[in-house]
There are 2 protein chains.
Amino acid sequence: MTDRDIIRLDNQLCFMLYACSRAMTRAYQPMLKKLGITYPQYIVLMVLWEWHDQPPVEQTVKALGERLQLDSGTLTPLLKRLEQAGLVSRRRDDSDERRVLVEVTAQGYALSAKASEWLQSQVGEHSVSLDKISQLRGELRELLDHLTGEV
Amino acid sequence: MTDRDIIRLDNQLCFMLYACSRAMTRAYQPMLKKLGITYPQYIVLMVLWEWHDQPPVEQTVKALGERLQLDSGTLTPLLKRLEQAGLVSRRRDDSDERRVLVEVTAQGYALSAKASEWLQSQVGEHSVSLDKISQLRGELRELLDHLTGEV
DNA sequence: CAAAATTAAATTGTGCACAATCAAAGTTAG
DNA sequence: CTAACTTTGATTGTGCACAATTTAATTTTG
């Protein structure tokens, strides 16, 4: 296999990731419309739901950013919109005024159940097998670790 | 496996695609900076380079949109910027004034060689095996086909 | 043919991503 | 203690994505 083939393979992988990510967003669109949130907001809420169930040491914007690989330039306005919608609360940490503590409100947590309900109604629609999804997830994890310099 | 497990698996796949796609963009950033283009512009140019080598019947904005699953709202301004940079030419089709024909300029085509050169210098850096990349690409293709309602 | 329907691209508006910069709070060192 | 440094989040500006609407060209129909 020549270098040129390797490059083509790499480019194809790039494009498939780009296309699949957007296709997944589109697939979730009907649910998101019903919930009244965007896909990135859903991603953020997934973490905040998890934090609600199993509170970590730090529930800050920084911790959220590390988890999602997003900076404050993306998170600050997104969280403000979720706050505006009554789904999230933000407040300065009294013990360190640089930090902003973030958590879901009762209303925000309630969305979790609505999302589950909607997704459960769709479970039968999947013709892609769970084994394949599971395997794909694992391979993507490996790729992600490599790209972010874990290895 | 319960419905709840299925939902969690699905959500994890969503997030991995979202994260991997952005991580890949970051990985290409040094090259893109040198070429003076963005990641989506690179994706568009990859198609236009291919069109240059093997011209399809229709070299229009519409054909580009179908190939990349992007609409004119995204493509029009992006192509205008590439045109501004002298990498792409756009002109109305004389035989059907609704259409806009798109192709790379000589300068735009020359970027292909620069990209290849840069990527070839990086080939050794990959510790992810080609087999894995190839397999992953195939699985993503399968997922994409399913999500876009082929099958 | 002329009206209605369709098609292709452009435009408008919202919300990410992300680089770069800034401001304020906190920590460290002289 | 205070000056230098670091950390955290906010702000600013650019460029996608994408929904919704608009405009103009073409095709279809009555």
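Predicted model only: the values in this text are computed from it and were never measured. Chain A is the first sequence line, chain B the second, and so forth, proteins listed ahead of strands; every chain is numbered from 1.
When each of A:Ser72 and B:Leu75 is assigned the nucleotide of DNA chain C with its nearest heavy atom, B:Leu75 is the one assigned upstream, toward the 5' end. Where A:Thr76 and A:Gln29 each meet DNA chain D at their nearest nucleotide, the meeting point lying more 5' is that of A:Thr76. Nearest-nucleotide positions on DNA chain C for A:Asp71 and A:Ser95 put A:Asp71 closer to the 5' end. Each of B:Asp93 and A:Tyr18 was assigned the nucleotide of DNA chain D with the nearest heavy atom; the assignment lying further toward the 5' end belongs to A:Tyr18.
The residues A:Glu66 and A:Lys62 are annotated as salt-bridged, a charged nitrogen and a carboxylate oxygen being separated by less than 4.0 angstrom. A:Lys132 and B:Glu142 are joined by a salt bridge, as a carboxylate oxygen and a charged side-chain nitrogen come within less than 4.0 angstrom of each other.
Within 6.0 Å of CD in A:Glu97 there are more than 12 heavy atoms belonging to other residues, nucleotides or ligands.
If you check every strand for non-hydrogen atoms under 4.0 Å, B:Thr74 touches a base.
Applying the ring-ring contact (aromatic ring centres under 6.0 Å, His included) test to residues at least two apart or on different chains, none of the pairs has a partner in residues 54-89 of chain B. Pairs passing the salt bridge (charged side-chain N to carboxylate O under 4.0 Å, His left out) check and including a residue from residues 14-37 of chain B, sequence neighbours excluded, do not occur.
In this entry the distance linking CG of A:Leu78 with C1' of D:dG9 reads 15 Å, nearest Å.
In this view, B:Tyr42 and B:Tyr28, B:Trp49 satisfy the ring pair (Phe, Tyr, Trp, His ring centres under 6.0 Å) rule, not counting sequence neighbours.
Atom-to-atom distance recorded for A:Met31:CE and A:Gln122:CD is 10.0 Å, nearest 0.5 angstrom.
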Got a list of side-chain donor-acceptor pairs under 3.5 Å for residues 101-109 of chain B, not counting sequence neighbours?
residue: B:Thr105; atom: OG1; partner: B:Gly86; partner atom: O; Å: 2.7
residue: B:Thr105; atom: OG1; partner: B:Leu87; partner atom: O; Å: 3.2
residue: B:Thr105; atom: OG1; partner: B:Gln107; partner atom: N; Å: 3.4
residue: B:Thr105; atom: OG1; partner: B:Gly108; partner atom: N; Å: 3.0
residue: B:Tyr109; atom: OH; partner: B:Asp53; partner atom: OD1; Å: 2.5

What does the list of N/O pairs under 3.5 Å between the protein and nucleotides 6-8 of chain D look like, with a distance for each?
residue: D:dT7; atom: O4'; partner: A:Arg98; partner atom: NH1; Å: 3.4
residue: D:dT7; atom: O2; partner: A:Arg98; partner atom: NH1; Å: 3.4
residue: D:dT8; atom: OP2; partner: A:Lys62; partner atom: NZ; Å: 3.2

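A 4.0 Å heavy-atom criterion places the boundary nucleotides of DNA chain C facing chain A at C:dG15 to C:dG26, written 5' to 3'.
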